[in-house]
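Structure, as structure tokens:
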Amino acid sequence: MRELAYYEAKLEALREILAADERVHFITEIATGFLGLSARRFQFNEIAKSFPDRVISPPISELAVCGLATGAAMAGLRPIVDLITASFAFEAWPQIVNEAANAFYMSGGQTRAPVVFHLLHGLRGAGAAQHSHSPQAMLWNCPGLKIVLPSSPRDVKGLLKAAAASDSPTVFIDHVLLFEYKGLVPDASEVIPFGQAEIKRAGADVTVVATSLMVQRSLSVAERLAKDGIDAEVVDPRTIVPLDLETIMASVEKTGRVVLVDECHQSCGVAAELAARIAEVGFDRLKAPVRRVATLDVPVPFSPPLEEFVSPSETRIAAAIRAAAR
Amino acid sequence: MRELAYYEAKLEALREILAADERVHFITEIATGFLGLSARRFQFNEIAKSFPDRVISPPISELAVCGLATGAAMAGLRPIVDLITASFAFEAWPQIVNEAANAFYMSGGQTRAPVVFHLLHGLRGAGAAQHSHSPQAMLWNCPGLKIVLPSSPRDVKGLLKAAAASDSPTVFIDHVLLFEYKGLVPDASEVIPFGQAEIKRAGADVTVVATSLMVQRSLSVAERLAKDGIDAEVVDPRTIVPLDLETIMASVEKTGRVVLVDECHQSCGVAAELAARIAEVGFDRLKAPVRRVATLDVPVPFSPPLEEFVSPSETRIAAAIRAAAR
Amino acid sequence: MLLIRHFEETLIGLHDQGHFEGHFHVYIGQEATGVPALSCLAPDDHIFTTHRNHGHLLARGADPARMYAEILGRRDGYNKGKGGTFHIAASHLGFHHTSGVVAGIIPLAVGAAYAAKARKTGQLAACLFGDGALEEGAAPESLNIASLWNLPVLFLCENNGKYGAGRAIGAVQSFSMAVYPLIDLPKVYKINARQVDGTDADAVHQAISEAVERIRRGEGPQFIETQTVRWPGSESNWPIVPVPTKIDLAWDVSSVPQKFRDWYASSDPVLAFVRKTVECGAATRDELAEIDRNAVERIDKAAKFALASPYPDPQEAVTEVFA
Amino acid sequence: MLLIRHFEETLIGLHDQGHFEGHFHVYIGQEATGVPALSCLAPDDHIFTTHRNHGHLLARGADPARMYAEILGRRDGYNKGKGGTFHIAASHLGFHHTSGVVAGIIPLAVGAAYAAKARKTGQLAACLFGDGALEEGAAPESLNIASLWNLPVLFLCENNGKYGAGRAIGAVQSFSMAVYPLIDLPKVYKINARQVDGTDADAVHQAISEAVERIRRGEGPQFIETQTVRWPGSESNWPIVPVPTKIDLAWDVSSVPQKFRDWYASSDPVLAFVRKTVECGAATRDELAEIDRNAVERIDKAAKFALASPYPDPQEAVTEVFA
Ligand SMILES: Cc1ncc(C[n+]2csc(CCOP(=O)(O)OP(=O)(O)O)c2C)c(N)n1
Ligand SMILES: Cc1ncc(C[n+]2csc(CCOP(=O)(O)OP(=O)(O)O)c2C)c(N)n1
Ligand SMILES: [Mg+2]
Ligand SMILES: [Mg+2]
């Protein structure tokens with residue numbers, strides 16, 4: 001095990017994936033690259049230089065580019081497309097949700113499209129309404145796509161490797177504000193299978209289910225609340241398609257109290273689905289209503305105090321956990 | 001009051017709207033028109049001929065067309081765009097969810113975009129995976145859009161009039177399989193305000209919340225079950241943004257039992273959001289888990305028995321109501 | 001061509017008899033494009049097509065029985081009934097994915113060409129679409145990338161609007177496309193492009209085989225527009241057969257209802273080919289009649305096979321979502 | 001032009017001092033396009049612009065103080081802090097909606113033109129975007145409709161990639177756009193199009209005023225591409241100021257760091273305009289220095305105003321979602 005920053009683990013995974021399999025092509029705007037607009041983005045250059053034929057910059061044509069990657073996947077490659085800001089996935093919506101997602105099913109199992117779409121979702125700080133989307137809920141509403149939401153250095157590495165190996169179209173969604181988080185990463189190459197939730201913090205009182213950056217935020221709140229005697233268990237599904245409901249329900253069984261933390265807009269967000277499923281199977285176990293902490297249902301405002309107000313902030317998470325524990 | 005078929009009421013509303021307000025322009029593929037591929041579509045021709053300057057056929061360019069309508073709305077018109085099959089809204093996704101939805105908020109309240117997007121959603125029979133989408137859940141995840149889901153002749157007329165008068169971008173979603181339903185429609189012109197649910201059938205045992213075609217399907221099941229002594233109340237929100245949660249909760253208060261019927265794919269569908277909200281505020285009132293009947297989480301298959309199997313069919317609705325009533 | 005024609009005419013009958021639901025599109029009138037065009041491709045080339053795919057699949061040798069089974073939603077369909085008419089896929093023939101979304105396949109075909117180039121397989125990708133697809137932004141975006149990256153892709157635009165009330169009208173400016181002629185669009189992206197009469201099988205064959213050669217030589221994307229006159233049976237949204245096609249119509253269209261007669265007399269590519277074949281002495285009328293009878297018979301059998309094929313088990317609906 | 005330049009340079013300082021977060025884009029190097037172009041429009045014309053909007057707003061007479069307040073997320077911002085740098089809107093000046101999505105505004109502008117034509121107001125819609133926007137499918141789709149429906153829209157494509165590492169490179173074939181020159185794209189849609197040197201204010205003025213006249217005469221959409229050389233301060237993703245602009249630089253760039261010197265010596269449109277103004281005798285160096293001092297002062301005051309403006313009440317975040 002070594003300690004790595006999230007962005008380092010992510011780059012390491014990409015480098016290993018490109019080195020291991022010639023069929024992997026990585027389509028990205030090389031100048032901004034795999035690390036979005038983060039301060040670390042220049043570190044991507046080295047990879048771009050190592051695989052000049054397989055790391056390519058496309059025109060600003062997300063729709064055609066996602067279609068191209070999907071078609072290339074149908075014809076034997078395993079492309080990874082970096083859309084950078086998740087909101088730009090909307091430009092490619094018809095190809096992602098209506099071509100890639102349907103290809104295997106619609107062809108009666110004839111055609112595989114092992115393509116990975118990489119997105120940076122969420123409130124990144126001053127992204128305003130157009131650059132702050134978290135499209136994972138919309139994508140979950142489209143059967144046929146696997147959806148990955150890593151939250152730690154170890155997970156981003158192991159899950160990216162699993163995504164690259166997946167035979168189904170996979171949307172790999174992470175968050176620019178995760179990049180500086182540090183954590184232990186195994187020396188040996190690890191592939192983390194889809195559909196295995198992880199208890200990121202064990203606790204007895206309240207089950208907190210969170211994804212992506214919200215896992216880190218929930219962990220930080222949980223530590224604070226522990227001092228006040230509230231012992232929260234933080235469960236990270238890591239992939240929402242497939243979803244490991246068993247691990248979540250085992251925790252709910254224990255605590256009977258649930259808080260869902262999700263950066264999607266609240267209505268029809270990831271937390272809505274989790275709330276519905278948990279209440280469906282765990283109705284008799286719940287001691288209190290399932291609480292959601294999500295982005296308020298307004299376009300994301302630019303101004304920092306406004307953005308903070310609408311976001312699933314530590315303040316709001318803490319309040320929800322306290323209320324659930326009561 | 002007169003008895004009209006749904007399609008007649010819809011056309012009547014459109015005719016009145018076009019006649020009343022010069023700012024209304026209707027953009028549609030005139031050949032297939034406002035009535036989709038239904039057998040009734042030719043009846044639209046008469047309207048097209050009455051307003052030749054304001055009923056126009058665009059190129060097959062949904063993205064630009066929805067943007068055009070939105071921009072025209074910003075500059076003083078009140079356009080209605082007919083996208084026909086709801087799945088084609090995906091082509092226009094960036095304009096609908098990232099321009100129109102955000103315009104008023106992002107401009108700090110300066111810019112109104114009174115545009116209506118009309119879609120025919122759902123399983124229309126042999127639409128297969130690419131033509132059977134119900135994007136209302138995805139759209140509900142985008143703050144800034146009003147979302148209308150009529151289910152009866154009277155509602156489609158009154159709600160279309162409200163949509164045309166709305167100062168916010170509005171997505172008007174109906175279903176080709178509703179067109180032949182008949183019902184009473186007031187002689188005088190009626191505008192049905194957004195945010196007012198209607199109890200479509202009063203009942204004491206189970207609250208069924210359904211939208212669009214699912215209202216009709218639920219009503220038919222409710223009549224059947226009444227003979228077995230199960231008295232279901234069918235609540236139709238009519239608009240999901242804004243949502244009249246009060247009327248829904250008043251029914252839940254009474255019955256303590258809830259079935260949600262929704263043609264979206266199940267995960268993160270409309271039913272998921274309703275389930276989460278109802279359990280949030282009605283936790284103590286619920287005598288049984290909230291049950292969802294939605295389209296199964298697979299791409300929609302073409303073959304009729306397969307399509308029936310994945311759909312929120314009468315069989316599945318009846319089973320859910322029986323289970324809830326137990 | 002005769003096989004395609006009879007396939008489609010019989011299909012319309014199956015629809016009229018209520019054997020399948022929903023919207024569908026037929027290839028009648030475009031046979032002299034698809035048949036020669038697909039004959040120019042190699043067995044392992046990739047092919048992407050649209051809602052109007054039946055003729056392409058048949059031209060490539062697909063089994064009409066399994067196609068009917070698919071269109072009728074039966075278990076023996078190519079897609080096991082999951083796809084239907086818009087989405088017939090036959091991977092072994094290179095049809096990986098057939099999309100009903102206008103222009104949906106254009107980026108996909110460019111992607112398959114990208115893969116072929118990257119993997120140095122020598123394959124090309126053929127992308128078969130209608131004139132209307134050029135109105136979608138996906139088309140110019142894809143033309144741009146295909147050109148910049150010099151990809152082995154054949155764009156075949158079947159413009160079925162010549163003189164017609166269709167979309168991009170072949171011989172006059174259309175109401176929905178400002179670019180005229182259509183081939184100016186690929187040209188502006190520096191893609192070699194040619195227009196050809198889509199009812200003339202020989203002309204199509206020559207144009208496509210030249211384009212394919214260019215692609216194989218590494219000269220990058222090639223664009224061919226074929227112009228055909230829209231079959232009057234497709235004026236309404238659901239096709240109707242004005243008259244069942246018979247060899248004899250090539251010389252006498254008096255049995256065709258007056259309002260449809262023009263098309264059969266002067267625009268029908270199948271009848272034109274029949275006339276030409278006889279005129280140049282390649283076959284006699286009797287020989288052609290024999291071929292025609294065989295085609296009819298094969299189609300009859302195919303339809304019977306499909307009608308006898310059971311519907312899939314409903315539970316099949318929830319399988320094969322993920323690979 | 002000087003006002004814009006100082007606005008942007010001061011803004012970069014405000015960013016470096018941590019007064020606002022996030023990504024932003026400046027108009028440095030394009031001043032000789034925006035200023036004359038916007039001067040050709042009528043007060044009630046509609047204008048749609050992008051992430052690179054600051055210069056357009058200022059050229060139209062927007063208040064730099066309220067612009068800064070917006071960019072700093074303060075209550076007195078044009079959008080009350082809800083929009084930020086990418087989305088500054090000023091409805092009373094015709095800026096209804098400013099989008100950070102590449103090409104997002106192109107259909108919107110065409111729509112505003114549609115409204116103007118339908119309502120017979122005599123207005124036009126100006127659509128200001130970068131060369132990169134032509135790579136998005138929204139652009140050709142919109143060009144097509146604008147042409148078919150003969151709409152009163154001015155497409156102004158600011159190509160800031162001349163000789164640069166940018167996207168669609170003005171003087172050579174780019175890596176991301178196969179159409180070259182760029183104006184061939186509108187032309188293929190039968191839209192009248194012209195290229196002009198975007199660093200030459202007079203040339204821009206002439207081209208735009210002619211285009212505007214044509215539009216007002218009902219001749220339909222017009223397209224102008226202005227070519228500028230990308231300012232070296234924007235090579236990285238966050239702009240840096242190589243040297244604060246002063247009038248004297250017009251004649252002596254020795255204070256500019258070597259690697260940036262070229263641009264200031266030969267590509268800076270503001271300095272070129274300064275030189276030209278003095279050369280042709282329209283103003284003396286001293287007079288210009290005075291104008292410059294006034295601009296600096298105005299910008300200073302504007303920045304102070306914005307810094308003093310309070311943040312909005314957080315509760316404001318949930319207001320004005322619906323009209
Ligand atoms: C994105 C999208 N928009 C609209 C439609 C509806 N539609 C189906 S076929 C068609 C016409 C297509 O014209 P063309 O591409 O010329 O093909 P043709 O049918 O003439 O062969 C349209 C508009 C669709 N399938 N997809
Ligand atoms: C749809 C979309 N894709 C990608 C981006 C990221 N992006 C922001 S600016 C930019 C470059 C735009 O180039 P150009 O249009 O020439 O404008 P310039 O910045 O050169 O003025 C890109 C790719 C975006 N904002 N929107
Ligand atoms: Mg056509
Ligand atoms: Mg540029």
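Values below: every heavy atom of this structure, side chains too, minus hydrogens, waters and symmetry copies. Reminder, nothing fancy here: chain letters follow the sequence lines and each chain counts from 1.
Between chain D and the residues B/Leu77, B/Val241, B/Leu68, the most heavy-atom pairs under 4.5 angstrom are made by B/Leu68. Contact tally against chain B (heavy-atom pairs below 4.5 Å) for D/Ala103, D/Gly84, D/Ala112: the top residue is D/Ala112. Heavy-atom pairs under 4.5 Å with chain B were tallied for D/Gln123, D/Glu70, D/Arg119, D/His92; the largest tally goes to D/Arg119.
D/Phe86 does not touch chain B: none of its heavy atoms, backbone or side chain, sits under 4.5 Å away. Of the two parts of D/His96, the backbone and the side chain both hold a non-hydrogen atom closer than 4.5 Å to a non-hydrogen atom of chain B. For D/Ala138, the parts sitting under 4.5 Å from any heavy atom of chain B are the backbone and the side chain alike. In this structure, the portion of B/Leu145 lying under 4.5 Å from any heavy atom of chain D is its backbone and not its side chain. For a residue to count as touching a neighbouring chain, one of its non-hydrogen atoms must lie under 4.5 Å from one of that chain's; by this rule D/Ile88 does not touch chain B.
Here the shortest heavy-atom pairing between B/Gly67 and D/Leu108 reads O-CD2, 3.3 Å. Contact between B/Ala64 and D/Glu141 at its shortest, heavy atoms only, is N-OE1, 2.9 Å. A pairwise comparison of heavy atoms in D/Pro107 and B/Gln95 identifies CG-NE2, 3.6 Å as the closest pair. Pairing each heavy atom of D/Tyr114 with each of B/Ala72, the nearest pair is CD2-CB, 4.2 Å.
Atom CG of D/Leu143 and atom OG of B/Ser61 lie 11.0 Å apart (nearest 0.5 Å).
Residues of residues 98-110 of chain B lying under 4.5 angstrom from chain D, judged on non-hydrogen atoms, are B/Asn98, B/Glu99, B/Ala103, B/Phe104, B/Tyr105, B/Met106, B/Ser107, B/Gly108, B/Gly109, B/Gln110 by number. Of residues 305-323 of chain D, those residues lying under 4.5 Å from chain B by any heavy-atom pair are D/Ala317, D/Thr319, D/Glu320, D/Val321, D/Phe322, D/Ala323.
Here the side chain of B/Arg54 pairs no donor or acceptor atom with the backbone of D/Ala118 at under 3.5 angstrom.
The number of heavy-atom neighbours closer than 6.0 Å to CD of B/Glu22, taken from other residues, nucleotides and ligands shown, is 12 or below.
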